[in-house]
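Below is one structure, written out as structure tokens; the observations come after it.
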Amino acid sequence: MNSMKIRRTAIAVAAAALLPFSLAACSDSVKDGASGPGSDKSSEASASASGAQDASLAMDKPFGPACAGVPAEGAGSFDGMAKAPVATAASNNPALSTLVAAVKQAGLVDTLNNAKDITVFAPTNDAFAKIPKADLDKVLADKATLTKILTYHVVGQKLTPKQLENGSFSTLEKTKLTTSGSGEAYKVNDTSNVVCGNVKTANANVYIVDTVLMPK
């Protein structure tokens, strides 16, 4: 009789001793399961969010074939232009020297530099070269006409590339221009190509274009 009691007691003690280990093993198993499929989904979501952020950052940078001609450092670089108001920034870019001369001729330097949150579609020297010299000289000599043309290149808000996909915007000249495109290929008024877009200055977003825009 005493022998049976001793055996039962030993079995109970053994079971009690083993129970914590069994519970610990179950807990570890659940933890391992949690780091399985559910964890994979969490990792995929994190990677997807990271990829979207990278794409957003990429779109926030200058783009286009003519961007390669922008100096890597100094006042005319992207970093340098970002610190200066738009007319001053443009004066530090050799490809925009004709535009800068026209802006000075029209007396618009202070107007552009003091404006807040604008977008400038900036024609390159090659864009102005498409205009016959006699016609260009005539425009440069006519301040009213020159002002009308230059202010047509300015929109009173900062435009992102996304907004250019199918846009219509009022200009400082009081008429509208249209934009279209996607990715890194955009047109203004279906005639002028953006050759270096999303260039930041202290007070403006700049889209460098290959054709001078003419108000209707």
Side-chain angles (χ1 to χ4, degrees), residues 51-70 78-79 81-91 93 95-96 98-100 102-103 106 108-131 139 144-216:
Q53 186 177 20
D54 289 345
S56 176
L57 289 172
M59 281 305 295
D60 198 43
K61 295 179 180 179
F63 61 84
C67 291
V70 174
F78 291 126
D79 287 341
M81 286 190 284
K83 298 172 184 175
V86 64
T88 301
S91 70
N93 188 326
L96 301 177
T98 305
L99 172 63
V100 171
V103 168
L108 293 174
V109 172
D110 289 341
T111 299
L112 293 178
N113 276 349
N114 293 327
K116 292 184 179 180
D117 297 334
I118 59 175
T119 293
V120 177
F121 293 94
T124 62
N125 295 343
D126 289 341
F128 280 99
K130 293 180 181 180
I131 303 172
V139 168
T145 300
L146 182 60
T147 299
K148 183 179 177 69
I149 292 171
L150 292 176
T151 52
Y152 183 68
H153 289 74
V154 184
V155 172
Q157 60 178 304
K158 282 186 176 181
L159 300 177
T160 65
K162 186 70 176 175
Q163 288 175 285
L164 300 187
E165 290 183 0
N166 184 23
S168 177
F169 307 101
S170 295
T171 68
L172 296 194
E173 186 269 332
K174 304 301 183 186
T175 58
K176 289 183 178 292
L177 57 75
T178 60
T179 59
S180 59
S182 62
E184 295 188 357
Y186 297 93
K187 282 183 176 290
V188 185
N189 289 349
D190 293 323
T191 58
S192 188
N193 297 296
V194 174
V195 293
C196 184
N198 209 30
V199 178
K200 304 296 176 63
T201 74
N203 66 327
N205 285 352
V206 177
Y207 293 88
I208 299 174
V209 295
D210 68 356
T211 304
V212 176
L213 307 172
M214 292 295 181
K216 298 176 181 179

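- Tyr152 contributes no side-chain N or O that, together with a main-chain N or O of Lys174, makes up a donor-acceptor pair within less than 3.5 Å.
- Residues Pro123 and Leu213 fail the side-chain proximity criterion, which asks for heavy atoms closer than 4.5 Å.
- Every salt bridge (Lys or Arg N to Asp or Glu O under 4.0 Å) that Lys200 has, sequence neighbours left out, goes to Asp60.
- Put simply, the side chain of Asn189 never gets that close to the backbone of Thr191: no donor and acceptor are under 3.5 Å apart.
- For residues 192-216, the ring pair (Phe, Tyr, Trp, His ring centres under 6.0 Å) pairs, not counting sequence neighbours, are Phe121-Tyr207.
- Between Val155 and Ser170, the closest heavy-atom pair is CG1-O, 3.7 Å.
- If you take OG on Ser168 and CD on Gln163, they are separated by 12.5 Å, rounding to the nearest 0.5 Å.
- The closest donor-acceptor contact from the side chain of Asn193 to the backbone of Asp210 lies at 3.5 Å or more, if one exists at all.
- Contact detail for Gly197 and Cys67: the closest heavy-atom pair is N-SG, 4.2 Å.
- Taken to the nearest 0.5 Å, the OG1 atom of Thr147 stands 10.5 Å off from the CD atom of Glu173.
- With rounding to the nearest 0.5 Å, the separation of OG1 in Thr178 from CG in Asp190 is 5.5 Å.
- Of all the heavy atoms in Gly156 and Ile118, the pair that sits closest is CA-CG2, 4.2 Å.
- The two residues Ala102 and Leu146 have their closest heavy-atom pair at O-CD2, 3.4 Å.
- The salt bridge (Lys or Arg N to Asp or Glu O under 4.0 Å) search around Lys130 returns none, not counting sequence neighbours.
- You'll find the side chain of Met81 reaches within 4.5 Å of the side chain of Val70, heavy atoms only.
- Listed by chain and residue number, Ser97, Thr98 satisfy the side chain to side chain contact (heavy atoms under 4.5 Å, CB included) test with Asn125 (two or more places apart in sequence, or in another chain).
- Rounding to the nearest 0.5 angstrom, the gap separating the NE2 atom in His153 from the OG1 atom in Thr171 is 10.0 Å.
- The line from CG of Leu159 to OG1 of Thr179 is 7.0 Å long, rounded to the nearest 0.5 Å.
- The number of heavy atoms from other shown groups lying within 6.0 Å of CG (Asn114) is above 12.
- Panel note: side chain Asp117, backbone Lys158; no donor-acceptor pair is recorded below 3.5 Å.
- With sequence neighbours left out, the side chain to side chain contact (heavy atoms under 4.5 Å, CB included) criterion links Glu165 to Lys162, Tyr186.
- The shortest side-chain heavy-atom distance between Ile149 and Pro215 falls under the 4.5 Å cut-off.
- Shortest non-hydrogen contact noted between Pro85 and Ala202 is N-CB, 3.9 Å.
- Rounding to the nearest 0.5 Å places CG of Leu172 at 9.0 Å from OG1 of Thr111.
- Contact annotation: the side chain of Thr124 approaches that of Ile208 to within less than 4.5 Å [non-hydrogen atoms, C-beta and beyond].
- A donor-acceptor pair is defined here as one N or O able to donate and one able to accept, closer than 3.5 Å; such a pair exists between the side chain of Thr119 and the backbone of Gln157.
- In terms of the side-chain hydrogen bond (donor to acceptor under 3.5 Å, both in side chains) criterion, residue partners of Asn113 (sequence neighbours excluded) are, by chain and number, Thr88.
- In this structure, Ser192 contributes its side chain and Val188 its backbone to no donor-acceptor pair below 3.5 Å.
- A side-chain donor-acceptor contact under 3.5 Å links Asn203 to the backbone of Val86.
- The shortest heavy-atom contact between Thr201 and Ala84 is CB-O, 3.3 Å.
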